[in-house]
Amino acid sequence: MTSSGLPGFRDFYPEDFALRDHIVSGWREVARRYGFVEYDGPPLEPLELYTDKSGPEIVDQLYTFVDKGNRAIALRPEMTPTLARMVGARAQALPKPIKWFSIPQLFRYERPQRGRLREHFQLNMDIVGETDVMSDAELVAAAIDAVRHFGLDSEDFTARVSDRGLIGIVLQEVGVPKGRIVEAILALDKAERQGDEWLAARLTELGVDEAGVRSVVDVREHDLDGLTAHFAGSRDVAEAADRLRAFFALMSDHGLSAYVTFDPRLARGLAYYTGLVFELWEREGRLRAICGGGRYDDLLAAVGGPDLPALGFGMGDVVLGELLKEKGLVPERQTSVDDFVVYVTPAQRSAAIRVARRLRERGRGVAMDYRGRSVGRQFRAADQLGASRTIVIGPDEERDQTASVRDMATGEEKVVPLIGLIEGV
RNA sequence: GUGGGCGUAGCUCAGUCGGUUAGAGCGCCAGGUUGUGGCCCUGGAGGUCGCGGGUUCGAUUCCCGUCGCUCACCCCA
């Protein structure tokens, strides 16, 4: 091979770009249906924007450099800090709730693998300035629809839902000190991969007694009712659970019950989530999470922005694209050619160009042969390009101001007046 | 960042127990006589056998390194 591009960065050949466009357009359409408006920010940001709040897991993997003005720069790894800044600057003026979406290209310096590159496009949908559980449900519904839009359904993927508020209260009940709740939640997330013994050791470290440890390990197997029963004595648990129940009821109103499951094992790695958290997973589980998000009511204030509650999710194009390819849901072929105009002899070239021009003015995609090859070869070119019609201009047509129009799918061909051809478009 | 597997034409792959012109299918290009595609036929282009070094009379084939891809770990958008 000759020189290749940077590892983890993609070249988009026309067929690749077609898939990317398919995904991005679909997302835009779904976001629009939910009443979100699009925004964007710069792909480069000051490094400090991320070092403060994002947590070490993101900072370790930043793409950074120093610019000619000696500024420390990062390629944006996520959109939320940019969103926080932008919303912050106009927080007073914007009607609430603020429902914004963006499809930024994001960058991470880490080892590329299947479904994880150093760059991807990510749909971000956020709602700022609303605490009602109805907004939680609508956001999750939008995330689910952003996947369903491409032809996947509850057979293919599922949404795991939990609530950090609830889990935090549970952890407090079993004896985790208040100041270490977030650590315990992150441990819970990590336990997915490390196993129960690791979790038990970690919880003991955090000051949980043996009974409490057992309780937490058990809790991970409970459904919502089981969980409330287990902590029947706790008013706080009951209240937090009620909010989740309300959430599931709303998901039912959205007609999406089949997609959502309570899963107390889900915690999400990022430190800033405060309430609802969710992830979309392919059912077969071979790929990574398709999407993840949740409520982060304290984040905007924490980064010096307005004190507004918020929630949002991110959904990348890489895993979703892999999934669509696997399921055969990638659109067939893309062509920009509607009509191919054939000229039979060089004498008709000018007339044919004029016809092409008039069709283009009407919005048709038109291609022609450049070299005056045989009619047969021109037809073959029309076929290769996927033209839906081939329009032949020969001596007869030129004389009669007509064109022979062939439907490439059916093979049906008829002679029509030029005027009719142009105006019939 | 750690460890394993892989790396031959645009794509999917064959092949060389080290030997002198590296193959197939698909794709691409040109023809198959002057007004019609999808089939077919003929011909052609295209490979420093990832890159660098070593062993050897000789390496695409063996060894080392490196880069890339990939899987697992790590981590997660």
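Computed from heavy atoms alone, side chains included, the values below leave out hydrogens, waters and symmetry copies. Order of the sequence lines sets the chain letters (A, B, ...), proteins ahead of strands, with each chain counted from 1.
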Open item on the list: Side chains of A/Thr345 and A/Gln348: any donor to acceptor distance under 3.5 Å?
Closed with: yes

Open item on the list: I'd like the C1' distance from B/G65 over to B/A24, given in whole Å.
Closed with: 34 Å

TODO: May I ask you to say what A/Leu117 touches in the nucleic acid, namely base, sugar-phosphate or nothing, with a heavy-atom cut-off under 4.0 Å?
DONE: base

TODO: For A/Ser374 and for A/Leu106, locate the closest nucleotide of RNA chain B by heavy-atom distance; then report the residue assigned to the nucleotide nearer the 5' terminus.
DONE: A/Ser374

Open item on the list: Looking at A/Arg373, I'd like to know whether one of its side-chain N or O atoms comes within less than 4.0 Å of OP1 or OP2 on B/A30.
Closed with: yes

- [ ] Please give the nucleotide sitting opposite B/U60 as a Watson-Crick or G-U wobble pair, both distances under 3.5 Å, or none.
- [x] none

TODO: Provide the Watson-Crick or G-U wobble partner of B/A22, both distances under 3.5 Å; none if there is no partner.
DONE: none

Task: Protein-nucleotide distance (A/Trp281, atom CH2; B/C76, atom P), rounded to Å - done: 12 Å

TODO: Calculate the interatomic distance between A/Asp369 atom CG and B/C29 atom P; express it in whole Å.
DONE: 12 Å

- [ ] Return yes if a side-chain donor-acceptor contact under 3.5 Å exists between A/Tyr63 and A/Arg76, otherwise no.
- [x] no

Task: Partner nucleotide of B/A30 by Watson-Crick or wobble geometry (both distances under 3.5 Å) - done: B/U42

Open item on the list: I need the CZ-C1' distance between A/Arg10 and B/A77, as an integer number of Å.
Closed with: 12 Å

Task: Donor-acceptor pair between A/Glu45 and A/Thr82 side chains, under 3.5 angstrom - done: yes

Task: Paired nucleotide for B/U48 [Watson-Crick or G-U wobble; both distances under 3.5 Å] - done: none

- [ ] Searching all strands shown, indicate the nucleotide that pairs with B/G37 (Watson-Crick or G-U wobble; both distances under 3.5 Å).
- [x] none

Open item on the list: Expressed as a whole number of angstroms, how long is the span from A/Met125:CE to B/A77:P?
Closed with: 19 Å

Open item on the list: Under a 3.5 Å cut-off for both contacts, is B/C73 paired Watson-Crick or G-U wobble with anything, and if yes, with which nucleotide?
Closed with: B/G1

- [ ] State whether a side-chain donor-acceptor pair under 3.5 Å links A/Tyr273 with A/Asp297.
- [x] no

Task: Pair A/Arg180 + A/Glu183: basic N to acidic O under 4.0 Å - done: yes

Open item on the list: Taking any heavy-atom pair under 4.0 Å as a contact, classify A/Arg389: base, sugar-phosphate, or nothing.
Closed with: nothing

TODO: Answer with base, sugar-phosphate or nothing: what part of the nucleic acid does A/Gly8 contact at a heavy-atom distance below 4.0 Å?
DONE: sugar-phosphate

Task: P spacing across the pair B/G10 / B/C29, given as an integer number of angstrom - done: 15 Å

TODO: Sticking with atom P, work out how far B/C62 lies from B/G19, rounded to a whole angstrom.
DONE: 11 Å

- [ ] Quick one, give me the B/S/- string for nucleotides 34-47 of chain B, reading 5' to 3', where B means a protein heavy atom under 4.0 Å from the base and S means that only happens at the primed atoms, P, OP1 or OP2.
- [x] -BBBB-B-------

Open item on the list: Using the C1' atom as the point on both nucleotides, what is the distance between B/C75 and B/U16, in whole Å?
Closed with: 43 Å

- [ ] Determine the interatomic distance between C1' on B/G15 and the same-named atom on B/G23; round to the nearest Å.
- [x] 7 Å

- [ ] Considering only NZ, NE, NH1 and NH2 on the basic side and carboxylate oxygens on the acidic side, decide whether A/Arg10 and A/Asp317 come within less than 4.0 Å.
- [x] yes

Open item on the list: Without decimals, in angstroms, what is the distance between A/Arg118 CZ and B/C75 P?
Closed with: 18 Å

Open item on the list: Less than 4.0 angstrom from a charged side-chain N to a carboxylate O is my criterion; do A/Arg295 and A/Asp136 meet it?
Closed with: yes

- [ ] For nucleotides B/C69 and B/C51, find the distance between their C1' atoms and express it as a whole number of Å.
- [x] 15 Å

Open item on the list: Expressed as a whole number of angstroms, how long is the span from A/Glu322:CD to B/A77:P?
Closed with: 19 Å

- [ ] Determine the Euclidean distance between corresponding C1' atoms of B/U21 and B/G47; express it in Å to zero decimal places.
- [x] 14 Å

- [ ] Let me know the distance between CG of A/Leu75 and C1' of B/A77, rounded to the nearest Å.
- [x] 14 Å

Open item on the list: Is it true that A/Asp145 and A/Tyr34 share a donor-acceptor pair across their side chains at a distance under 3.5 Å?
Closed with: yes

Open item on the list: Less than 4.0 angstrom from a charged side-chain N to a carboxylate O is my criterion; do A/Asp407 and A/Arg389 meet it?
Closed with: no

Task: Length of the line joining A/Tyr63:OH and B/C76:P, which is rounded to integer Å - done: 20 Å

Open item on the list: In whole Å, measure the gap between the C1' atoms of B/C13 and B/C73 for me.
Closed with: 32 Å

